Amino acid sequence: MVISFFNVCWLQSSKLWRGDLSINKVWTVIWHRYAKTIAGLSFAQQRKDEWRKALTVVAILILCCALIIRNEAKLVDEVVAGVLTTLVAMSPTRQFNNYLVGMNSRVAEVVQRLVMKEMDTVRIVGLCGMGGVGKTTVAQACYDNLRDSADEKANTKFHFVNRVGQNGVNDQDRVEGLVRELYSKLLSEDSLSREDLNIEHRRGRLLKTRVLVVLDDVHTPSQLDELLLQDASDPRKLFAPGSRIIVTTRNRKVLEHVKAEIHSVGPLDVNESLQLFKLHAFSLGSPVVDDDDDGGRNDDLSHKVLSYCNGNPLALRVLGGALSYKDSKYWESFVLKLGKTQEAEIHHVLRTSYEELRDVKDRRLFLDIACFFSGHWRSLLVKYMETVDESAYSRVEDLIGKSFLASVFDQSEGEILVVHDLLKEMAWNIVNEEEDLGRRSRLNDPADIHNLLTNWKGHRATEGIRLNISKVKMMSLKANAFEGMNSLRWLNFFLPKGFGSRHRKTIVSEGILNSLPNELRGLRWDQFPSASLPGGFSPDELAYLVISHSPIVTCWEQNQPKLEKLSMLSLTSCENLTVIPDLRNSANLEHLVLEKCKSLVEVPDSIQYLVKLVRLEVRDCENIERVPDRLNSKLLKHLILANCPKVTDTPKHNTKLRPSGIAVRECSNRQV
């Protein structure tokens, strides 16, 4: 009955727009329906009075809108935008296992900027502010809310580009990879290069495509130009009307360069800061109060801590975690330790909190994750760390509680662990304080890595190497390049997204590598240069093995290790690969990925006995003829057989696959 009243109001307002009826006539019709609606309500008198007032307001508002906004389409847009903004303001920001004090109002304000203005143009909205202040959080929340509320008929394309400038402000190769990633997603094509995007047909498709794109952490105007195909100054030449681009940056000049509508994401105010700090400082329990405490000491100390954080949410979370479960004397000592430095204040605050991690193993675990594993699946990451420290699960929980790590739920990827950019920067600063290259525990600078592996004659105590291959001009490794590196646990030679077979080979071997450290827990080597891994390589603790774009034929020619700790095996674009490792003893394997291995003819039956298998992904392996008849894992969530034309049967399984569209089978151009 109430809905009928709304419909009458709307219909009569439409007649008022068109001039079919006068305002008096329209009001008479609405008032008649109003009286009938109120009479039909079966409520107590007090409740009827409340409804009477509410319906009166509705009728007046609809008619006022009709008189003010004569264009019906424009009115619909205004109503939708207003309702959406209100809902965003009322709803908690979506984030997994995180406290986001003060963010909802900021999100609502940005959403209003995105939806309230005219929808017949392309607009760029920029979020600017210092590191750790919440720019990415606001952008992610706006993106999630707008994507979830989008009209399917509008056929809008969505994409979130994370950390555009994470590998350096002049990292051209990374930006090129992101261009491939972004436009391949928007146009639903594979690995589109910049040259591919110059084709008139594709530009025409982009012009007809409405998009919502987030470009996160852009460092320079040139990066934005590259990502928007040199049309940043006039995005109307690139996307369809109604498109929205959100840019987050610390550099205001980036936004001024493209004439973006700039929204400054400022620090939290005193009340918000205190609320966020207390959520983390007291989340697990209040600090112990001494018998002689006057009851106000902790509040005084809290405000002193706030003075060092300047409303920065990251600093507040980290300091709150550092002080949780501590007594008043500890708080006083901690505040004195913070000091009154004037330089790099936020970094000083974070470093002080890091130093409060008393257990060396906690520090070691944090540095490993911050330097090598931010953005990884939590379940796999914990398995990796457990090969080094059996108590890794509880240590990860503690680091999350102290806000050194954040656990975030991604719709397609599941739960992942991330480290804030400022904390990653701090981690590398800590590592690089060791001047002696041979004693430095972790390396990611290409020049340092090149020096260590090709020229270094002294002791090498390196525990982890992370090398972006696209930054290396050429590195020629001797057969014994890794000899004596008995402390090395993580070796990661990687190409960024979008690179692969097109990228020149930059790491070559002078002959066959004769050794890799047996202490390795993780090995990723894109463009691995040999036909097999070294014969003497027997890593009993290996947790993951990832090889791509390699001439490898078999991982081990003989004497393969049992691989009992292996959790992840990924072999992609290895065109000469004829057989995968024997996995009969790999009871802990969770992820098995085989992609573009055209010489591979079968997936061995032994994988049917992998009871912890979560994902089996076999793509574009054109000569695979058979896969196991059955998979016994009760944990299986993703089963993908795509573009394997010779495979005719899908393995039977006893689990319900994720209803995400990921678990599909495409063989012989069929999907079931």
Side-chain angles (χ1 to χ4, degrees), residues 177 180-181 184-185 187-193 195-196 412 494-495 497-505 524-533 544-557 560 568-583 586 589 591-608 610 613-631 633 636-653 657 660-672:
R180 289 190 182 95
E181 174 191 326
S184 297
K185 180 66 178 286
L187 291 175
S188 301
E189 295 188 51
D190 290 333
S191 194
L192 291 176
S193 68
E195 292 73 25
D196 295 331
S412 59
F494 73 97
L495 283 169
K497 276 187 178 180
F499 290 83
S501 57
R502 299 183 182 185
H503 189 75
R504 68 189 187 285
K505 301 293 188 294
R524 174 179 175 178
W525 195 326
D526 296 343
Q527 297 184 343
F528 179 74
S530 302
S532 69
L533 295 169
Y544 68 85
L545 175 62
V546 179
I547 296 177
S548 74
H549 301 95
S550 166
I552 194 167
V553 176
T554 180
C555 292
W556 281 272
E557 289 185 345
Q560 179 198 306
M568 154 76 90
L569 174 63
S570 176
L571 302 167
T572 64
S573 297
C574 299
E575 296 187 350
N576 299 331
L577 186 73
T578 58
V579 61
I580 69 172
D582 185 348
L583 300 173
S586 304
L589 192 72
H591 289 232
L592 174 58
V593 179
L594 304 170
E595 183 174 352
K596 296 181 180 177
C597 300
K598 67 179 184 180
S599 298
L600 199 60
V601 296
E602 71 170 359
V603 179
D605 288 338
S606 58
I607 72 165
Q608 68 180 299
L610 301 177
L613 193 66
V614 174
R615 175 188 291 263
L616 173 61
E617 187 172 338
V618 184
R619 294 180 183 270
D620 302 312
C621 296
E622 56 193 58
N623 288 309
I624 281 188
E625 297 179 354
R626 63 183 301 274
V627 295
D629 296 331
R630 185 170 191 82
L631 297 174
S633 172
L636 189 68
K637 293 180 180 178
H638 305 273
L639 172 59
I640 303 173
L641 293 173
N643 299 325
C644 303
K646 296 184 179 181
V647 175
T648 58
D649 296 313
T650 304
K652 296 178 182 178
H653 50 85
L657 301 177
S660 59
I662 296 177
V664 298
R665 171 180 176 267
E666 298 173 4
C667 300
S668 304
N669 298 318
R670 290 179 293 154
Q671 178 175 325
V672 295

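The residues of the chain are indexed from 1 along the displayed sequence. In this text, all values refer to a predicted model and were calculated from it rather than measured experimentally.
Closest non-hydrogen pair, Lys646 versus Ile624, comes out as CB-O, 3.3 Å. What you find for Pro581 and Cys555 is that their closest heavy atoms are CG-SG, 3.7 Å. Of all heavy-atom pairs spanning Pro551 and Pro529, the tightest one is CG-O, 3.7 Å. Of all heavy-atom pairs between Cys597 and Cys621, the closest is N-SG, 3.7 Å. Contact record, Leu636 with Arg615: CD1-N, 4.2 Å, taken as the closest heavy-atom pair. What you find for Tyr544 and Arg524 is that their closest heavy atoms are CE1-N, 4.0 Å.
With salt bridges taken as basic N to acidic carboxylate O contacts below 4.0 Å, one links Arg626 and Glu602.
The environment of Glu189 atom CD is dense: over 12 non-hydrogen atoms of other residues, nucleotides or ligands sit within 6.0 angstrom. The 12-atom threshold is exceeded at CG of Asn576, counting heavy atoms of other residues, nucleotides or ligands nearer than 6.0 Å.
The CG atom of Leu571 sits 11.5 Å away from the CZ atom of Phe528 when rounded to the nearest 0.5 Å. The CZ atom of Arg619 lies 9.5 Å from the SG atom of Cys644; values are rounded to the nearest 0.5 Å. The line from CZ of Arg180 to CG of Leu192 is 10.0 Å long, rounded to the nearest 0.5 Å. Within the model, atoms OG of Ser550 and CG of Asp526 stand 9.5 Å from one another, a figure rounded to the nearest 0.5 Å. With rounding to the nearest 0.5 Å, the separation of CD in Glu595 from CD in Glu617 is 6.5 Å. The structure places NE2 of His653 at 11.5 Å from CG of Leu613, a figure rounded to the nearest 0.5 Å.
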Using the rule given for side chain to side chain contact (heavy atoms under 4.5 Å, CB included), can you reason through Asp629 versus Asp649, listing the C-alpha separation, both sets of side-chain angles and the distance that settles it, and then say yes or no? CA-CA 8 Å; Asp629 296 331; Asp649 296 313; 5.8 Å; no

Any chance you could lay out the side chain to side chain contact (heavy atoms under 4.5 Å, CB included) test for Leu592 and Leu583, step after step, and finish with the verdict? CA-CA 10 Å; Leu592 174 58; Leu583 300 173; 4.3 Å; yes

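At least one donor-acceptor pair under 3.5 Å links the side chain of Ser599 to the backbone N or O of Glu575. In this structure a side-chain-to-backbone donor-acceptor pair under 3.5 Å is present from Gln560 to Asp582.
Residues Thr572 and Ser570 form a side-chain contact, since some pair of their non-hydrogen atoms from C-beta on lies under 4.5 Å apart. Side-chain contact between Ile580 and Pro604 is present, with heavy atoms from C-beta onward closer than 4.5 Å. Residues Ser633 and Val614 are not in side-chain contact: their nearest non-hydrogen atoms beyond the backbone lie 4.5 Å or more apart.
Here the options are Val618, Asn623, Thr578, Leu594, the test is side-chain contact (heavy atoms from CB on, under 4.5 Å), and the partner is Leu600; only Leu594 passes. Each of Leu577, Leu569, Leu533 was evaluated against Ile547; a single residue qualifies, Leu533, per the side-chain contact (heavy atoms from CB on, under 4.5 Å) test.
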